[in-house]
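Below, each value reflects all heavy atoms present in this structure, side chains not excepted, and no hydrogens, waters or symmetry copies. Chain letters run A, B, ... following the sequence lines, proteins first, then strands; residues in each count from 1.
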Number of protein chains: 2
Amino acid sequence: MSRKRWRSVKEIRIADVARLAGVSTATVSRVLSDPDKVRKKTHDLVMEAVRRSGYIPNSTAQKLRTRRTMNVLVVAPRLTNPVFAEVLRGVDDELTESGYGIIIGNLDNRREREARYVDLALSRQVDGVLLLTGYIPGNGRRSMKEAGLPIVGMCAAIDDRSIPNVVVQDRESARRAVEYLVRLGHRRLGYISGTIGSIIETERYAGFCEGIAEAGLGAADFVRWEGPFVFSTGVAAAEGFLQMKERPTGIFAACDESAIGFIKRVRAERIRVPQDVSVIGFDGIEFADYTEPALTTFRQPLYELGRTGADVLMRMIGGEMRPEDWSIRLEPTLLERGTTGPVLHKDFASLRRSRM
Amino acid sequence: MSRKRWRSVKEIRIADVARLAGVSTATVSRVLSDPDKVRKKTHDLVMEAVRRSGYIPNSTAQKLRTRRTMNVLVVAPRLTNPVFAEVLRGVDDELTESGYGIIIGNLDNRREREARYVDLALSRQVDGVLLLTGYIPGNGRRSMKEAGLPIVGMCAAIDDRSIPNVVVQDRESARRAVEYLVRLGHRRLGYISGTIGSIIETERYAGFCEGIAEAGLGAADFVRWEGPFVFSTGVAAAEGFLQMKERPTGIFAACDESAIGFIKRVRAERIRVPQDVSVIGFDGIEFADYTEPALTTFRQPLYELGRTGADVLMRMIGGEMRPEDWSIRLEPTLLERGTTGPVLHKDFASLRRSRM
DNA sequence: TCGATTTTTGTAATCGATTACATCTTGAGG
DNA sequence: CCTCAAGATGTAATCGATTACAAAAATCGA
């Protein structure tokens, strides 16, 4: 039982430094925060005392007095998702430059966790909130807003017009994905969803449907498989695919992971990609560069998204929002690579012309 | 110029609640933290006032007074690395259960960032520190320890015997990887490194060398390629590999990413895995399940590592360390999958027997 | 050198909770 | 009904900084 009391070592306070330097605490504070306000000589005296004592201000006391925590809460649906990790990197870089820290709010796809982070925000542990998720429900957001907390949404079309939103054009890009598949000759499509109920999924599916409509196709021309944003969703979709008699020839997956899972599974049954079935993903995770062949996908400007969102939040906190910050949309770029190609023998039209 | 002052809305204080309920602030405080200490009737009275006013305690004030921040700093070398993301998930689950929050210290592989997080810790913004990295240098760690801050290392063999360490058996597993390749008949090996100077790399390479020695091989029997823990390191290694006349037949990569990068590149040159070259990775990231064939690798118990480390830290903070918490080693498991196999034609011995 | 002005420094209030200690209630037992 | 212990509540100090305001010191021009 090696019981041992941690903490409670020395703890140097500003008063100690003041005594050591023979000045008042006010002067020490000024030296540290606004050096121009004190005489050079006093400044040096105090700094020497600070150095000698190894004083570091207690930031909790600072926070209480100044009412600024220099922390931001970042709520993300799931940390291990590389998409969010990359956004977070952008956020981190931007915030660090402004001297802000990140408190992580990881929902890990569990809604019960929302409340915890709403409370955390409301108990003034942070100066602002970055929502990488649509999960925090309306009333949570509302109470944060009522508390005067700056919030920036970074999730496709959070349905709340009253908070600034920095997003990637999910819907429009999903529409373009369909357009792209149709241009390659695909007429029977498949849609692999993301987490049902998530806004990202909703947007992407809406875009998919727009694309279907624009191509003059209808509900009978595509099949939809559901599941969360993970590899195994693609595998499950593949199982469904394999059991169909008239299989789709073009698959749009709402995320790269499921696209990859799908491909892996159908390959095991000797179905070739893209000859037998074309697959397009979404997100452009690094991993998608290393599948064979490399996955065709929409690459989102994730890092930039993170930086931009954080920048807007910093502006809100600083009280200087510009109207053009209110709603920012970034555009993904289509990476045409190896998993998509023109329709071959499996398509009706082609069948008529050439067999196999 | 939509300038607008955020924050500064209502701000309900404990005094407001007290007035509303007709009691003192002390009583309100007690109701909220230690309900058994007050009479039922007063309790209800106060709770009603809390509800009506929507009071939420200012956690900064609480922290100052109680000298507990209920936050932990987690320093990681790089967020986008799925390995750390997974560890972080374990940490998060454990800490959340104890009511602790996470402040993220992302070094993003840049050493300059260390200082920032040491300061953050020393300014008492957190009650403890979890080091997922060996980067924080000795003097940083020392000052944190002197400040009485509980620290737990979660990085292979942080060279500091004075802080508890929860680690995965990197070295031993690397040794076993070599043993495994040798058992398959491989005599010419390749080693793809991780970030030079990182402790993880150092350990894994040491284990690799141990394995080489145990197999009765020497420095002439393997080649080493260097680079950070990323996909492209494997690609670069493959370039080197391709230019050799007598190529290794068994490759150990210090991380799955570089193993995958390697495979992707050599495949492009029609080299078959595992027939022409066996590849074994390290980490067992989820992605490695979805390559074709699935990557042979050592899967680290990352989630468990995170939970355990966080648990030990909680113990330290609570002042109840057990001796067996001091140093914990978790064991990775070998996943024998599709990228390794017995030596075929490329090996000297085999060549003698059968051509091609 | 003096007074007015500016610059520098100090005093003490403040941020919003917790909690030691004092005081007042309550209820049991005589 | 009274006493006394136990329990409930209130008062005020405290955590460690920042900062408004007051006071002191330095600077300047005449």
Expressed in angstrom and rounded to an integer, what is the separation of [X] atom [atom1] from [N] atom [atom2]?
X	N	atom1	atom2	answer
A/Lys63	D/dC15	NZ	C1'	15 Å
B/Arg67	C/dA17	CZ	C1'	14 Å
A/Lys37	C/dT6	NZ	C1'	12 Å

Other residues, nucleotides, ligands: >12 heavy atoms within 6.0 Å of A/Arg68 CZ: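 Incorrect, the count does not exceed 12.
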
Short side-chain N/O contact to C/dA17 OP1/OP2 from B/Tyr55, under 4.0 Å: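 True: B/Tyr55 side-chain N/O within range (under 4.0 Å) of C/dA17 OP1/OP2.
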
Let's see if you can work this out: which of [options] has an atom nearest to the side-chain heavy atoms of [X]?
X	options	answer
A/Asn58	D/dA17, D/dT9, D/dG10	D/dA17
A/Ala61	D/dG16, C/dT8, D/dT9	D/dG16
B/Arg13	C/dT11, D/dG16, C/dG16	C/dG16
B/Ile14	C/dG10, C/dT9, C/dA17	C/dA17
B/Leu64	C/dT9, D/dT11, D/dC15	D/dC15

Is there a donor-acceptor pair closer than 3.5 Å between any side-chain N or O of [X] and the backbone N or O of [Y]?
X	Y	result
A/Asp108	A/Arg110	no
B/Ser98	B/Tyr100	no
A/Asn165	A/Ser327	no

Qualifying residues under side chain to side chain donor-acceptor pair (under 3.5 Å), relative to A/Arg30, sequence neighbours excluded: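 Side chain to side chain donor-acceptor pair (under 3.5 Å) check on A/Arg30 returns nothing, list empty.
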
Summary of protein contacts for nucleotides 19-28 of chain C, nucleotide by nucleotide, where a base hit scores B, a sugar-phosphate-only hit scores S (4.0 Å, heavy atoms): B---------

CA sep, side-chain torsions, deciding dist, call: A/Glu11, B/Arg67, salt bridge (Lys or Arg N to Asp or Glu O under 4.0 Å): CA-CA 11 Å; A/Glu11 266 347 55; B/Arg67 306 167 76 57; 3.2 Å; yes

